[in-house]
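Numbering of ligands and ligand atoms starts at 1, following listing order. Side chains are part of it too, since the values below use all heavy atoms of this structure and drop only hydrogens, waters and symmetry mates.
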Amino acid sequence: MSDLVARADRVGRTYDASGRFVQALVDVSASFHAGRVAAVAGPSGSGKSTLLRILAALDVPTEGEATVCGVEVSRLRPRARRRLRRTDVAFLYQKPSDNLVSYLTAEQQLRSAAEMRGRRDADPEDALDLVGLTHARRRRPHELSGGEQQRLAVAQAIVAAPRLLLLDEPTAELDHDNGAAVVGLLEAAARRGAAVVVASHDPVVVEAAGEVVELTDGRVRG
Ligand code: ADP
Ligand code: MG
């Protein structure tokens, strides 16, 4: 299918924690498509972050294959993986402030994200407006609430127009209203064409997702 952006094909990931082997993922297959929001759900320790890190080309499977934007991540050398992350993939950490540069204003964060990706047509004002932060454009991260920081991080991803947008528990540190706002923004990113994959056990996120990959002890349930 032409709108397939990322795929895990029987992916396994075993960690060797000083001689103690942990099977974080076992035989996981899943497909992620442009224009859709997918949730990777499951309790803590079920393998959500491990799967997201592989889809972000931050890590590679120990079994099976992960294909991101048409390339199999195990085949890429570190430099090519970095290039893939810079051009096509955006990854958001759980902690809102980890997604932002502490000394840049909201507006500067967006300009720098757009520049780094060579998106000369990007419109930072439009992205700030979309996430409801026009009033805060001159503020730095420490002058924003957690919800505002996470909305700014999503705006940064939207401005960079990644093909694949990965978010690791983006609502975990937010109250209900800010969580719901972030979910709305993920839908907006999907409407703009991104494949959105969000690791979460937050019911607000899971219910909004068009599809759910449910992990239990590293395996897909069902
Ligand atoms: P989740 O994000 O769903 O909480 P993770 O993907 O972080 O789950 O972890 C899945 C399993 O892999 C857990 O048992 C965790 O302890 C283990 N794990 C994760 N990262 C490492 C690592 N770097 N070394 C050893 N074990 C790890
Ligand atoms: Mg996790």
Side-chain angles (χ1 to χ4, degrees), residues 5-32 37-68 72-74 76 78 81-82 84-85 89-100 146-147 149-151 153-154 156-157 162 164-176 178-179 182-183 185-186 189 194-222:
V5 174
R7 191 164 75 105
D9 189 13
R10 311 202 68 172
V11 161
R13 176 67 169 95
T14 302
Y15 292 111
D16 179 358
S18 42
R20 199 181 126 260
F21 292 95
V22 179
Q23 285 189 299
L25 295 175
V26 183
D27 212 16
V28 169
S29 295
S31 300
F32 303 99
V37 178
V40 176
S44 180
S46 59
K48 302 183 297 298
S49 295
T50 301
L51 180 57
L52 251 68
R53 288 173 52 78
I54 289 173
L55 295 172
L58 289 165
D59 189 18
V60 290
T62 46
E63 279 98 24
E65 295 193 338
T67 307
V68 177
E72 213 271 291
V73 294
S74 310
L76 296 175
R81 282 202 260 147
R82 278 199 297 277
L84 176 71
R85 289 203 302 274
V89 183
F91 183 90
L92 262 64
Y93 297 95
Q94 174 171 335
K95 195 165 164 235
S97 58
D98 284 350
N99 296 307
L100 302 169
Q149 289 178 357
Q150 206 62 302
R151 272 150 52 204
V154 177
Q156 205 168 265
L164 181 60
L165 171 54
L166 303 161
L167 308 97
D168 199 354
E169 308 211 33
T171 64
E173 301 197 9
L174 308 184
D175 61 29
H176 180 275
N178 272 305
V182 165
V183 169
L185 293 173
L186 302 188
V196 178
V197 184
V198 47
S200 184
H201 44 221
D202 179 348
V204 177
V205 174
V206 176
E207 273 158 35
E211 51 221 295
V212 181
V213 177
E214 176 96 40
L215 294 176
T216 311
D217 291 334
R219 293 173 195 268
V220 179
R221 204 159 72 181

Atom 6 (O) of ligand 1 - nearest protein heavy atom and its distance: Thr50 OG1, 2.6 Å
Of all the non-hydrogen atoms in the protein, which one sits nearest to atom 8 (O) of ligand 1, and at what distance? Gly47 N, 3.2 Å
Ile54 and Val60: CA distance, side-chain angles, deciding distance, side-chain contact (heavy atoms from CB on, under 4.5 Å) verdict: CA-CA 5 Å; Ile54 289 173; Val60 290; over 6 Å; no
From CA spacing to verdict: side chain to side chain donor-acceptor pair (under 3.5 Å), Gln150, Asn99: CA-CA 8 Å; Gln150 206 62 302; Asn99 296 307; 3.1 Å; yes
Test of understanding: with ring pair (Phe, Tyr, Trp, His ring centres under 6.0 Å), list the residues that count as partners of Tyr15, not counting sequence neighbours. none
Can you find a pair of side-chain heavy atoms, one from Val197 and one from Leu165, that are under 4.5 Å apart? no
Say whether Gly42 and ligand 1 are in contact under the criterion: heavy-atom distance to a ligand atom below 4.0 Å. no
Is atom 15 (C) of ligand 1 less than 4.0 angstrom from some protein heavy atom? no
Is any N or O atom of Glu169, backbone or side chain, closer than 3.5 Å to an N or O atom of ligand 1? no
Return the minimal non-hydrogen interatomic distance between Ala57 and Val73, and the atom names on each side. CB-CG1, 4.0 Å
Go around the Mg ion (ligand 2) and count every protein N, O or S atom nearer than 2.8 Å. 1
Any side-chain heavy-atom pair of Thr171 and Val204 under 4.5 Å: no
Tell me, do Thr67 and Asp9 make a side-chain contact under 4.5 Å, heavy atoms counted? no
Could you find the nearest protein heavy atom to atom 3 (O) of ligand 1 and give me its residue, atom name and distance? Lys48 NZ, 2.8 Å
Looking at Ala17, Ser49, Ser18, the heavy atom closest to atom 7 (O) of ligand 1 belongs to Ser49
Check ligand 1 against Val22 and write out every atom of the ligand that is under 4.0 Å from a heavy-atom position of the residue. 12 (O), 14 (O), 17 (C)
State, yes or no, whether a side-chain contact exists between Val220 and Ser29 at a heavy-atom distance under 4.5 Å. no
Side-chain (Glu63) to main-chain (Arg10) donor-acceptor, under 3.5 angstrom: no
Please could you name the atoms of ligand 1 that Ala24 approaches to less than 4.0 Å, counting only its heavy atoms? 10 (C), 11 (C), 12 (O)
Using a 6.0 Å cut-off, check whether atom CZ of Arg85 has over 12 heavy atoms from anything other than its own residue. yes
For ligand 1, which is the ligand I care about here, please tell me if Gly45 has any N or O atom under 3.5 Å from one of the ligand's N or O atoms. yes
Closest non-hydrogen protein atom to atom 22 (C) of ligand 1, residue and atom name please, with distance? Tyr15 CD2, 3.5 Å
Is any side-chain heavy atom of Glu65 closer than 4.5 Å to a side-chain heavy atom of Ser74? no
For a side-chain contact (heavy atoms from CB on, under 4.5 Å) check, start with the C-alpha distance between Arg13 and Asp59, then their side-chain angles and the critical distance, and finish with the verdict. CA-CA 9 Å; Arg13 176 67 169 95; Asp59 189 18; 2.8 Å; yes
Identify, by atom number and element, the atoms of ligand 1 in contact range of Pro43, meaning under 4.0 Å from any of its heavy atoms. 3 (O)
